[in-house]
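First the structure, in the form of structure tokens, and then the observations on it.
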Amino acid sequence: MILDIKTYPDKVLTKKTKPVGEVDAAIKKLIDDMVETLYAKRGAGLAANQVGESKRIAVIDIGEGLVVFINPKISKKKGSAIMAEGCLSFPGLEIEIARPEKIEVEYTDRRGQIQKRKASDLLARVICHEADHLKGKTMLDRLPLLTRLKLKRQLRKK
């Protein structure tokens, strides 16, 4: 089922999500719906709170195959690169954001198994973007204060 994506300034986007315990049938159904939504909306990543669920789950596919991240925790970061980012919760908006070039992330997969993965470049960027969502942060929070306030004001007017 394709889910509705919450868009800024919906408050759910600024709330920290809750860790997932057991990967049960309800969690797997949510993941399936998130994956269907991700592909239907042609995104690279989608966090559960973007579809109104306060669960620490993100689904990502940058064209190299789907990865499901449950309770992701970025344990290492290296380097920095600035690149334009978009977001399904900010339709039509692209802004330059600095992110780590390489990361290491620990997470639980869809089968309930603990995994560790190294990622670089675009995959590292998308993982960081979705991990921010799960912490109640959006790409706007990565901007300098005055730029962020000005952009928020403009977005609210729309």
Worksheet item: Any side-chain heavy-atom pair from Glu130 and Pro72 closer than 4.5 angstrom?
Response: no
Practice prompt. Determine the minimum heavy-atom distance between Cys87 and His133, stating which atoms define it.
Written response: SG-NE2, 3.3 Å
Practice prompt. Run the salt-bridge test on Asp32 and Arg110 with the 4.0 Å N-O cut-off and return the result as yes or no.
Written response: yes
Discussion item. Any non-hydrogen side-chain atom of Asp141 less than 4.5 Å from a side-chain atom of Arg148?
Written reply: yes
Worksheet entry | Lys152 atom NZ, neighbour heavy-atom count above 12 within 6.0 Å | yes
Item to complete: Using a 4.5 Å cut-off on heavy atoms from C-beta on, say whether the side chain of Ile97 contacts that of Leu143.
Response: yes
Practice prompt. Answer yes or no: is there an ion pair linking Arg99 with Asp132, defined by an N-O contact shorter than 4.0 Å?
Written response: yes
Worksheet, complete the sentence: Correct closest heavy-atom pair for Ile2 and Ala40 would be CD1-CB, 3.5 Å
Discussion item. I need the minimum non-hydrogen distance between Val23 and Gly112, along with the two atoms involved.
Written reply: CG2-CA, 3.9 Å
Fill in: Shortest non-hydrogen separation from Lys102 to Ser120 and the atoms involved
CG-CB, 3.8 Å
Worksheet item: Between Asp33 and Lys29, does at least one N-O distance fall below 4.0 Å, as a salt bridge requires?
Response: yes
Item to complete: Check Leu66, Ile70, Val20 against Ile31 for a side-chain contact (heavy atoms from CB on, under 4.5 Å) and give me the one that passes.
Response: Ile70
Practice prompt. Output every pair passing salt bridge (Lys or Arg N to Asp or Glu O under 4.0 Å) with a member in residues 61-72, not counting sequence neighbours, ordered by first then second residue.
Written response: none
Worksheet item: Does any non-hydrogen side-chain atom of Thr37 lie less than 4.5 Å from one of Leu88?
Response: no
Fill in: Nearest non-hydrogen partners of Leu13 and Thr138, listed with the distance
O-CG2, 4.1 Å
Discussion item. Would you say that Val51 contacts Met34 through its side chain, given a criterion of any heavy-atom pair below 4.5 Å between the two side chains?
Written reply: yes
Worksheet item: Among pairs that include at least one residue of residues 52-98, which meet ring-ring contact (aromatic ring centres under 6.0 Å, His included), considering only residues two or more places apart or in two chains?
Response: Tyr8-Phe90, Phe69-Tyr107
Worksheet item: Which atoms form the tightest heavy-atom contact between Lys6 and Ser89, and what is the distance?
Response: O-OG, 2.7 Å
Worksheet item: Any chain of hydrophobic side-chain contacts (each under 4.5 Å) joining Val12 to Leu46?
Response: no
